[in-house]
2 protein chains.
Amino acid sequence: MSTKDSATEELIKETAKKIFFSEGRFNATTQEIADAAGVNRTLVHYYFRSRDLLFEKVWLEGHAEFKEKLMEEPKGDLSFKQKIERFIDVWMAHAQKYPYLDSYLAANMHAGELLDNVAKFRDDHEQRKKAFLQEIEREMKAGTIPEMDPMQFVLNLVSLISYPLAMRPLMERSLSLGKKKYEALMKERKQAILKVLFKD
Amino acid sequence: MSTKDSATEELIKETAKKIFFSEGRFNATTQEIADAAGVNRTLVHYYFRSRDLLFEKVWLEGHAEFKEKLMEEPKGDLSFKQKIERFIDVWMAHAQKYPYLDSYLAANMHAGELLDNVAKFRDDHEQRKKAFLQEIEREMKAGTIPEMDPMQFVLNLVSLISYPLAMRPLMERSLSLGKKKYEALMKERKQAILKVLFKD
DNA sequence: TAATTGTTTGACAAAATTGTTAAACAAAGG
DNA sequence: CCTTTGTTTAACAATTTTGTCAAACAATTA
């Protein structure tokens with residue numbers, strides 16, 4: 001978004017995002033991407049120099065987009081529970097668009113480079129994270145959620161949200177559920193999560 | 001295991017498992033695998049014909065091993081909670097050995113072939129699954145766990161176990177935790193999971 | 001219209017990876 | 001000792017994928 005972003009460049013990027021993170025085809029070749037976008041393969045190199053740079057660019061963009069939405073300061077004051085609800089909503093919406101974004105991250109953590117870039121955000125978010133943890137402790141003391149290490153609460157939260165979406169095809173199969181049934185399950189998901197996180 | 005399994009063959013397989021599923025380097029070449037095993041690259045082809053066949057073989061083996069341990073009938077009678085505890089223990093142990101096995105599955109579901117093979121197990125497990133779901137419902141009625149769609153309970157269970165292990169490097173970073181601290185967190189993990197699943 | 005700039009293309013080169021083959025080697029049995 | 005069988009190796013071939021380049025093309029601007 002820094003400058004103009006020719007239509008073709010944008011088209012290639014969007015196509016790549018779709019192939020990589022919606023369809024999960026991480027090993028797609030430049031040829032396949034170019035074909036899917038309906039452009040000459042050389043253009044991929046013209047705009048992004050190399051396949052890896054293209055990948056990195058779209059990955060960072062997708063991830064940044066997600067973080068931004070997630071961290072966006074909500075309008076009015078929200079209760080703790082409302083904040084959690086919003087967190088769930090945003091995350092689930094994103095995971096529905098790019099189901100393979102997180103699983104790529106999981107499967108490629110070892111590379112490490114990706115996370116270094118992500119870390120740029122860190123300073124900004126560090127204090128907000130701290131505030132969030134403190135808020136969790138307050139809630140525990142107030143008795144709205146069970147007492148435990150606040151980190152465990154965070155792990156619970158993201159696990160319950162992300163896993164069923166990232167692992168959706170696996171879960172569908174191993175639970176012998178059809179597409180429809182799983183969708184219905186996801187619709188109820190938010191409430192199911194809230195039910196186990198909060199004492200009620 | 002069908003026949004003899006020469007030492008070299010076994011060595012290559014074990015090395016491949018480690019590279020693929022412990023280190024998560026799914027794109028490792030035959031050369032890298034051979035190097036890591038300290039054998040000539042041609043041997044990989046001699047024993048497994050092709051890279052893909054090697055991959056499939058070790059994947060199926062790893063997965064089968066896991067399923068077997070998970071489904072193994074426990075000795076005496078266990079209470080529902082004890083069964084869940086055992087489930088957590090087995091899964092966490094396995095995920096510690098091969099943290100990338102599940103995430104590979106997640107990231108490559110679209111291929112679909114893998115799961116077809118896994119499906120062989122299905123008939124055996126189908127009825128046990130049903131029994132498990134019924135047991136969950138009984139527990140809900142008995143009031144030991146919150147009322148919800150039993151499938152949601154299953155999703156909660158596997159999410160809470162698997163995600164923090166599969167996403168470990170990501171979580172370590174985004175929560176700014178050191179290796180030590182995260183390990184400690186995992187030690188407490190079982191109790192944290194039980195705490196949210198059961199009413200107490 | 002000529003010139004400049006940016007875009008697109010096909011042809012080509014380079015690199016990386018896989019797969020095959022024939023020959024060397026070693027162990028075991030006759 | 002010779003033969004057979006299974007194992008290991010190096011050299012080679014084939015394929016796949018990436019990356020480069022010069023020329024064609026289009027749009028805009030002088």
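Quick note on labels: first sequence line is chain A, next is B, and so on, each numbered from 1. Predicted model, so just to flag it, every value in this text is computed and none were measured.
Listed by chain and residue number, nothing satisfies the salt bridge (Lys or Arg N to Asp or Glu O under 4.0 Å) test with A/Lys69 (two or more places apart in sequence, or in another chain). With sequence neighbours excluded, the residues satisfying ring-ring contact (aromatic ring centres under 6.0 Å, His included) with B/Phe87 are B/Trp91.
You'll find the ring centres of A/Phe20 and A/Tyr100 outside the 6.0 Å limit.
Heavy atoms of B/Phe48 sit nowhere under 4.0 angstrom from any nucleic acid atom.
Proximity of A/Thr8 to the phosphate of C/dT8: a side-chain N or O atom is located under 4.0 Å from OP1 or OP2. Taking side-chain N and O atoms only, B/Tyr46 has no distance below 4.0 Å to OP1 or OP2 of D/dG6.
The aromatic rings of A/Phe21 and A/Phe26 sit tilted relative to each other, their planes meeting at an angle between 30° and 60°. Relative ring orientation between A/Phe66 and A/His63 is described as perpendicular, the plane-to-plane angle rising above 60° on a 0-90° scale split at 30° and 60°.
We find that CG of A/Leu43 is positioned 5 Å from P of C/dT8, with the value rounded to whole Å. Atom CD1 of A/Ile33 and atom C1' of D/dT17 are 12 Å apart (whole Å). The CZ-C1' distance, from A/Phe55 to D/dT18, rounds to 16 Å in whole Å.
Applying side chain to side chain contact (heavy atoms under 4.5 Å, CB included) to A/Ile88 and the options A/Lys190, A/Lys83, A/Arg189 leaves one that passes, A/Lys190.
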Nucleotide-resolved protein contact map, nucleotides 16-28 of chain C, B/S/- at heavy-atom distance under 4.0 Å: -SBBBB-------
